[in-house]
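Shown next, in structure tokens, is the structure this report addresses.
Below, all heavy atoms of this structure are taken into account, side chains as well, without hydrogens, waters or symmetry copies.
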Amino acid sequence: RKTLKSGSSKGTSTRCASSLANKVFVSYHKEKDKTLGEILLEILENFGLLCDNCGQDNALHRQYFYHKDGYVECKITEQKLDDKDQHHVYLSSFCKQCNIYIQKRDEVNAGMLEYSFGLFLKQYFYNRRLGNIPKGTAKCNHLFYKDFKRMFDFGMLRITFEYQPVQKYT
């Protein structure tokens with residue numbers, strides 16, 4: 001299976017031409033597959049740089065990873081966090097329905113950063129078999145794959161992954 005990746009400029013309804021020209025297919029366990037850590041590092045390295053095509057800050061761009069009936073939106077923002085730890089990566093999960101953190105900021109281990117990015121998307125955002133979080137293991141009972149945002153913190157920067165359904169027109 002493949003997941004389509006493209007980007008869009010914030011504040012406009014048209015896509016940035018450079019992002020359309022750079023469509024990437026992420027194949028699980030193939031030569032184009034990258035680790036979660038590699039993808040996060042690429043996003044961080046582009047933060048603050050200007051887009052060659054539109055001249056806007058790359059932080060204003062979004063990346064979209066399409067698969068089946070939805071997509072995962074990826075965005076980077078600056079955060080006012082208590083610590084300025086630049087040497088560790090932290091992950092938290094937020095339920096969009098309850099408006100609460102289900103998983104507080106936990107340090108990400110090296111194994112997770114080495115995890116296939118394609119499998120990360122599949123497991124966390126497209127795996128319908130996970131369904132709801134089992135009762136008693138979380139503060140809510142909403143759908144794990146579509147009702148939660150996953151946020152990776154690096155010092156003062158946050159990369160957020162969030163599932164969105166594709167609008168179907170009939």
Side-chain angles (χ1 to χ4, degrees), residues 3-11 19 24 26 28 33-49 51 56-134 137-166:
T3 302
L4 175 65
K5 169 186 166 185
S6 65
S8 175
S9 276
K10 180 180 175 186
S19 66
V24 175
V26 179
Y28 315 143
D33 191 13
K34 294 183 179 182
T35 66
L36 175 60
E38 288 172 324
I39 294 292
L40 294 174
L41 187 59
E42 284 178 15
I43 294 167
L44 288 171
E45 287 174 345
N46 285 322
F47 183 78
L49 299 178
C51 174
Q56 292 189 39
D57 188 322
N58 279 325
L60 298 176
H61 288 68
R62 303 289 184 260
Q63 292 180 313
Y64 302 96
F65 301 91
Y66 294 86
H67 184 65
K68 295 186 179 179
D69 60 350
Y71 63 92
V72 175
E73 178 184 24
C74 173
K75 63 183 175 182
I76 185 168
T77 56
E78 288 187 89
Q79 300 295 308
K80 295 185 188 220
L81 303 171
D82 292 335
D83 65 38
K84 296 179 176 113
D85 188 350
Q86 300 288 334
H87 305 290
H88 296 95
V89 180
Y90 297 92
L91 172 64
S92 55
S93 295
F94 184 83
C95 177
K96 299 183 287 184
Q97 301 298 321
C98 295
N99 204 30
I100 60 171
Y101 282 91
I102 299 302
Q103 174 191 0
K104 299 288 185 183
R105 287 179 77 222
D106 289 329
E107 188 172 348
V108 175
N109 64 38
M112 184 168 187
L113 293 175
E114 291 299 318
Y115 198 61
S116 157
F117 182 67
L119 287 176
F120 165 76
L121 291 176
K122 182 179 177 183
Q123 186 68 28
Y124 282 82
F125 298 101
Y126 299 112
N127 189 349
R128 305 302 195 266
R129 286 179 281 169
L130 288 178
N132 296 359
I133 301 287
T137 60
K139 298 174 186 173
C140 76
N141 195 32
H142 290 107
L143 293 174
F144 180 74
Y145 71 93
K146 78 172 192 178
D147 292 329
F148 287 69
K149 291 194 253 187
R150 293 345 179 270
M151 294 151 309
F152 292 89
D153 294 335
F154 306 82
M156 301 301 274
L157 298 177
R158 172 173 282 173
I159 299 174
T160 302
F161 293 91
E162 180 177 356
Y163 176 86
Q164 301 289 341
V166 171

Met156 side chain near Gln79 side chain, heavy-atom distance below 4.5 Å: no
Straight-line distance of Leu41 CG to Leu36 CG, nearest 0.5 Å: 11.0 Å
Nearest atoms (heavy-atom pairs only) where Glu114 meets Thr35: O-CG2, 3.5 Å
Residue pair Lys34 / Glu42, side-chain heavy-atom distance below 4.5 Å: yes
Test log, rule ring pair (Phe, Tyr, Trp, His ring centres under 6.0 Å), inputs Tyr163 and Phe125: CA-CA 6 Å; Tyr163 176 86; Phe125 298 101; 7.3 Å; no
Aromatic ring pairing Phe161/Phe117, orientation class (parallel under 30°, perpendicular over 60°, tilted between): tilted
Heavy-atom closest contact (Met151 atom, Ser93 atom, distance): CE-C, 4.3 Å
With Asp106 via side chain to side chain contact (heavy atoms under 4.5 Å, CB included) - residues at least two apart: Gln103
With sequence neighbours excluded, residues passing side-chain hydrogen bond (donor to acceptor under 3.5 Å, both in side chains) with Thr160: none
CD-NZ distance between Glu73 and Lys149, expressed to the nearest 0.5 angstrom: 9.5 Å
Test: Arg158 cationic atom under 6.0 Å from Tyr90 six-membered ring centre, within 45° of axis: no
Student check: side-chain heavy atoms of Tyr64 and Val72 closer than 4.5 Å: no
Gln123 (side chain) donor-acceptor with Phe120 (main chain) under 3.5 angstrom: no
Donor-acceptor contact below 3.5 Å, side chain Asn99 vs main chain Cys95: no
With Phe47 via side chain to side chain contact (heavy atoms under 4.5 Å, CB included) - residues at least two apart: Ala59, Ile76, Glu78, Leu157
Lys96 and Glu162: CA distance, side-chain angles, deciding distance, salt bridge (charged side-chain N to carboxylate O under 4.0 Å, His left out) verdict: CA-CA 10 Å; Lys96 299 183 287 184; Glu162 180 177 356; 3.3 Å; yes
Heavy-atom closest contact (Pro165 atom, Tyr71 atom, distance): O-CE2, 4.0 Å
Check against side-chain contact (heavy atoms from CB on, under 4.5 Å), Leu113 and Val108: CA-CA 7 Å; Leu113 293 175; Val108 175; 3.9 Å; yes
Side chain proximity check, Ile159 to Cys74, heavy atoms < 4.5 angstrom: yes
Test item: Leu91 and Met112 side chains (from C-beta on) under 4.5 Å apart, heavy atoms: yes
Nearest-0.5 Å distance, CG of residue Leu40 to CD1 of residue Ile43: 6.0 Å
